[in-house]
Structure formats: C-alpha cells, structure tokens
Amino acid sequence: MAVYNNGVIFDNIDTNDPNCWKIESYIKRGGYSALKKIIDQKITQEAIIAEIKLSGLRGRGGAGFPTGLKWSFMPRALQGQKYLVCNSDEGEPGTFKDLDILKYNPHSLIEGMIIGGYTMGVTIGYNYIHGEIFEIYEQFELALEEARKNGYLGKNIFNSGINYELFAHHGYGAYICGEETALLESLEGKKGQPRFKPPFPASFGLYAKPTTINNTETLASIPFIIKDGGENFYNKGIPNNGGTKLFSVSGSVVKPGNYEVPLGTPFTKLLEMAGGMRNNRKLKAVIPGGSSAPVLPADIMNNCNMDYDSIAKAGSMLGSGAVIVINEDVCMVKALERLAYFYHEESCGQCTPCREGTGWLYDIIHRIEHGNGKIEDLELLDTIGNQMAGRTICALADAAVFPVRSFIKHFKHEFIHHIEHKKCLVNHKWC
C-alpha cells in the first residue's frame with residue numbers, strides 16, 4: 001500500500017525507511033518544534049484555540065465538526081481530572097488512513113495530543129487503537145517510550161509547568177467502538193455500547209470526567225498548525241474546507257493507498273494520482289466517505305471536488321475520506337448485500353430498530369440477489385429504513401440505511417432486473 005507524501009502529515013517522510021516512525025527522524029523533520037514554540041513563547045491556551053479556529057480544521061474522523069470549537073467546550077478552569085482521547089479505532093470498510101499515520105508518523109499524533117492536553121488543561125490522554133492492528137499498537141507503545149525518554153511526556157515537561165502523560169489502549173476489532181461513547185465504555189473496561197446523549201463527553205466522559213475525543217488525523221494536524229500558523233493551513237484548502245485531507249483510495253484502481261491532497265482537489269485528479277482505473281475498466285460509481293456514505297454514480301463523481309461541501313451538495317458525505325472506487329463489472333446488488341451483512345454483524349444489539357432492522361435489510365437484499373426477491377421489496381426496504389434512521393442511540397442504524405437508499409436510488413434498474421429476470425444484469429448469472 002503506497003503513501004504519497006504531500007502537505008502536512010506525510011510531508012518529507014520516506015515511507016521506505018523502516019525507521020521513519022522513530023523520534024530521531026521526526027525531530028529531523030521539525031518534529032516537536034511546535035511544542036517547543038509554545039513553551040519558549042509562552043503561548044496561552046486561548047491563543048492556541050484561536051489559531052486552530054483560524055485554521056478551519058474540521059474533525060477528520062467523519063463528522064467534520066470544527067476542532068477549535070470542540071476544544072473550547074472543555075471546561076479548562078474546572079478542578080479535577082480531565083481527559084483527551086484519540087479515536088484510532090478505524091473499523092469502517094475502506095478506511096485505513098489512521099493506520100498509516102500510526103505506522104509512519106506516530107510522533108505527530110503524540111505531539112498533537114500533548115499540545116491538546118496543555119490547551120484544554122488536561123494531564124492524561126489515551127489513544128484507543130483498533131484491535132486488529134496489534135503490531136501497530138506495539139509500535140506506538142515504543143514511540144511513547146521514546147517520547148518519555150526524550151522528556152516530551154511526564155511531569156513538568158522541559159521545566160514548562162506542563163504535565164502530560166499518554167497511554168495506548170487496544171480494542172478487539174468491534175466496529176461500534178468507533179462511536180465515541182462506545183469507545184469510552186470500552187476504555188473503562190465495559191462492553192462497547194453507545195451511551196445516551198446528553199450528557200455529552202465534554203461534561204461527562206471517561207470515568208464521568210470532562211473528555212474531548214478527536215480522530216487520529218485531526219490531532220496529527222495540530223503540530224503543523226501551531227508551527228506554521230493556522231492561516232497557512234487554511235490556505236492549503238478552499239473556503240470553509242481548510243487544509244489537506246488524507247484519502248484512502250481502494251477498489252478498482254491501479255495504485256490503492258493513502259493520498260494527502262488539499263481539500264477541494266477534483267475527484268478526477270485524485271483518481272489520476274491513484275493510477276486510474278485498473279485494467280482500463282470504466283468507472284461506475286464511488287463511495288466517497290467510507291462504506292456508510294451514500295454511493296454516487298460516475299457522472300456525478302467526475303464533476304465533484306473532494307471537500308465537505310461539494311460532496312454534501314452531490315448527495316453524499318466526505319466522512320472519513322475512504323474513497324471506494326467501483327468499476328463497470330461490479331454488480332451493485334451483490335455489493336450492497338455485502339455492506340448490509342457488515343452492518344448486521346456489527347450492530348451492538350442495544351437498540352431494537354438497529355438490531356432487528358439491520359438483519360431485516362440484509363435478509364431482503366440477500367433474497368433479491370439470489371433470485372427470490374419481489375418488486376414490493378424495494379418499497380419495503382425504504383419503509384424499514386424510515387423506521388431505523390434517527391431512532392437509535394448512535395448512528396449505526398443510519399450508516400446501514402444510507403447505502404441501501406443510495407444504491408437503490410442510483411442503480412434501481414439492477415435491482416429490478418434481479419427481481420424480474422432472476423439473474424444479474426451485469427454478469428447475466430447469479431453473482
């Protein structure tokens with residue numbers, strides 16, 4: 001899997017160097033200079049938050065919430081323990097950018113979390129790492145030990161009065177733990193299930209204390225913003241979409257991998273960077289923001305830019321930035337069947353509409369795919385979706401419904417062909 005250096009997080013990194021993740025390499029590239037700038041210039045917490053707001057940095061985990069605003073919610077003056085948690089539980093199909101940040105540039109995350117801790121008056125942080133990448137968890141532990149030995153973690157960092165300790169925690173591969181409150185439950189040693197909100201983590205989070213939760217890419221962007229300025233970061237993107245973004249490009253492309261490009265980059269440019277379509281097949285559709293984002297057909301995507309506003313206007317969402325490229329030979333009914341199965345399997349079962357609804361969606365799509373569908377099933381799928389979306393504690397039910405609705409909206413003719421002819425329109429046989 002290739003990582004192409006450009007922009008902020010992967011700038012000047014030789015990913016072919018097996019030691020590129022180590023602290024010596026990070027410091028040579030200017031690492032930890034943002035933290036030293038804060039200490040030497042005695043930059044205040046308020047000034048840092050203002051700089052992050054100026055940068056236009058939005059949460060890179062999927063929601064796209066303004067990071068500076070989120071940090072301002074933390075009650076800094078409140079006495080007692082507070083926490084900063086990094087969400088590295090990357091479990092959605094098509095998403096693998098955070099894995100490469102931890103693999104190639106873990107100290108950017110560590111420095112970002114130290115800065116975040118100082119800014120929000122937090123002295124303890126946790127990085128929750130997806131359980132299926134245990135070797136990355138072990139490497140991150142080594143990176144933490146490097147930071148401690150070099151004085152970047154611990155008490156009174158470089159005689160600045162800043163105290164910050166950071167710990168790694170690995171999950172066990174449950175997709176639901178990517179939801180921030182389910183992550184907190186798991187971090188506390190409980191079953192990973194989402195909490196009712198309110199109260200929100202900013203006031204009642206980890207161990208019932210005020211907690212801020214950010215994505216890996218979000219926190220890894222912080223050192224650049226402090227070192228080179230929020231305006232510089234903002235100007236790398238377009239209005240209301242500041243900075244660069246990592247896109248995990250997979251599917252029918254010649255060079256699948258992570259590409260860091262300015263927000264607002266045309267999709268056609270991103271596809272070109274990934275080597276174009278594999279085997280010269282035609283582009284059929286794209287899921288632009290991870291498997292939970294609505295699919296878009298080729299004629300729409302070819303006129304889209306890769307930023308929050310453009311993708312939303314087109315009828316989907318940027319999400320985590322996982323770009324799944326689908327070629328003309330793919331049966332959309334079979335593809336949707338596989339996605340529906342994933343959400344059925346990963347539902348935590350806490351909410352009835354999700355627990356029962358995801359299974360129902362999968363069963364109906366499965367029977368359409370295997371020649372037992374009825375034309376009424378298409379309306380039934382929509383009805384089920386209406387009873388699921390917005391009616392559960394977390395957004396997993398919505399994530400299961402979005403693909404169903406969008407696949408049928410844009411490729412309804414394939415579903416009808418399966419139902420009426422008992423075979424696939426694409427392959428002219430059962431998939």
Side-chain angles (χ1 to χ4, degrees), residues 62 91-94 175-176 179 193-194 284-301 312 314-317 319 324 326 328-431:
E92 183 160 317
Y175 171 68
I176 193 63
E179 196 279 334
Q193 289 186 320
K284 182 175 187 175
V286 177
I287 305 177
S291 63
S292 61
V295 68
L296 294 174
D299 60 338
I300 294 179
M301 276 306 302
S316 188
M317 53 189 180
I324 303 173
I326 301 170
E328 59 186 328
D329 296 331
V330 173
C331 170
M332 300 304 279
V333 181
K334 185 174 180 61
L336 181 60
E337 179 194 23
R338 189 64 190 86
L339 289 178
Y341 179 78
F342 171 82
Y343 288 105
H344 170 46
E345 284 290 298
E346 294 295 338
S347 173
C348 75
Q350 184 176 194
C351 304
T352 301
C354 183
R355 180 183 66 246
E356 302 300 324
T358 53
W360 204 357
L361 290 177
Y362 169 69
D363 287 344
I364 295 171
I365 297 165
H366 178 79
R367 76 185 186 213
I368 292 174
E369 164 64 14
H370 290 84
N372 299 310
K374 300 175 290 185
I375 200 68
E376 298 83 33
D377 286 340
L378 300 181
E379 184 177 349
L380 181 58
L381 287 169
D382 186 59
T383 300
I384 295 169
N386 289 336
Q387 298 303 316
M388 293 174 61
R391 298 175 184 268
T392 51
I393 295 173
C394 82
L396 191 144
D398 299 66
V401 170
F402 286 156
V404 175
R405 285 178 169 168
S406 61
F407 270 66
I408 294 175
K409 174 184 177 181
H410 294 296
F411 301 95
K412 190 173 184 178
H413 59 286
E414 291 195 30
F415 290 83
I416 292 174
H417 194 277
H418 270 76
I419 293 168
E420 293 182 345
H421 299 279
K422 311 300 181 185
K423 62 181 180 180
C424 178
L425 176 63
V426 175
N427 298 312
H428 306 295
K429 59 183 181 180
W430 293 123
C431 300

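With hydrogens and angles ignored, the 3.5 Å screen pairs no side-chain donor or acceptor of H418 with any backbone N or O of H370. Although no hydrogens or angles enter the test, the distance criterion places no donor-acceptor pair under 3.5 Å between the side chain of R391 and the main chain of C351. The main-chain N or O of C354 is found under 3.5 Å from a side-chain atom of T358 such that the two form a donor-acceptor pair. Under a 3.5 Å cut-off, the side chain of D398 and the backbone N or O of G390 do form a donor-acceptor pair.
In this structure, the separation between CG on L336 and CG on L361 is 8.5 Å, given to the nearest 0.5 Å. Here the CE-OH distance, from M388 to Y343, works out to 11.0 Å after rounding to the nearest 0.5 Å. Summarising the geometry, atom CE belonging to M332 is positioned 15.5 Å from atom NZ belonging to K412; distances are rounded to the nearest 0.5 Å. If you take CG on N372 and CD1 on I419, they are separated by 11.0 Å, rounding to the nearest 0.5 Å. Atoms CZ and CZ, from R405 and F402 in turn, are 7.5 Å apart once rounded to the nearest 0.5 Å.
Nearest heavy atoms, S291 versus I324: N-CD1, 4.2 Å. Heavy atoms only, all atoms of each residue included: G349 and R355 are closest at O-NH1, 2.8 Å. Shown here for H410 and I300, the closest heavy-atom pair between the two residues is CE1-CD1, 4.1 Å. Of all non-hydrogen atoms in I176 and E346, the two that sit nearest each other are CB-O, 4.2 Å. Smallest separation of non-hydrogen atoms from F415 and I368: O-CG2, 4.2 Å. Scanning all heavy atoms of the two residues, the minimum distance from K334 to E369 falls at N-OE1, 3.6 Å.
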Criterion side-chain contact (heavy atoms from CB on, under 4.5 Å) on K423 and H417, from CA distance to verdict: CA-CA 7 Å; K423 62 181 180 180; H417 194 277; 4.1 Å; yes

side-chain contact (heavy atoms from CB on, under 4.5 Å) evaluation trace for M317 with S292: CA-CA 9 Å; M317 53 189 180; S292 61; 4.1 Å; yes

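Side-chain contact between I287 and L339: present, with at least one pair of heavy atoms (C-beta onward) separated by less than 4.5 Å. Considering only heavy atoms from C-beta on, V426 stays 4.5 Å or farther from V330 through its side chain. Side-chain contact between V404 and I384: absent, with no pair of heavy atoms (C-beta onward) separated by less than 4.5 Å. When side chains are defined from C-beta on, R367 counts as touching K374, because their heavy atoms get closer than 4.5 Å. In this structure, S316 and M301 have side chains that are not in contact, with every pair of non-hydrogen atoms separated by 4.5 Å or more. Side-chain contact between V333 and C424 is absent, with no heavy-atom pair separated by less than 4.5 Å.
Within 6.0 Å of CD on E345 lie more than 12 heavy atoms contributed by other residues, nucleotides or ligands.
A parallel orientation is assigned to the rings of H344 and Y362, their planes being inclined by less than 30° (bins at 30° and 60°).
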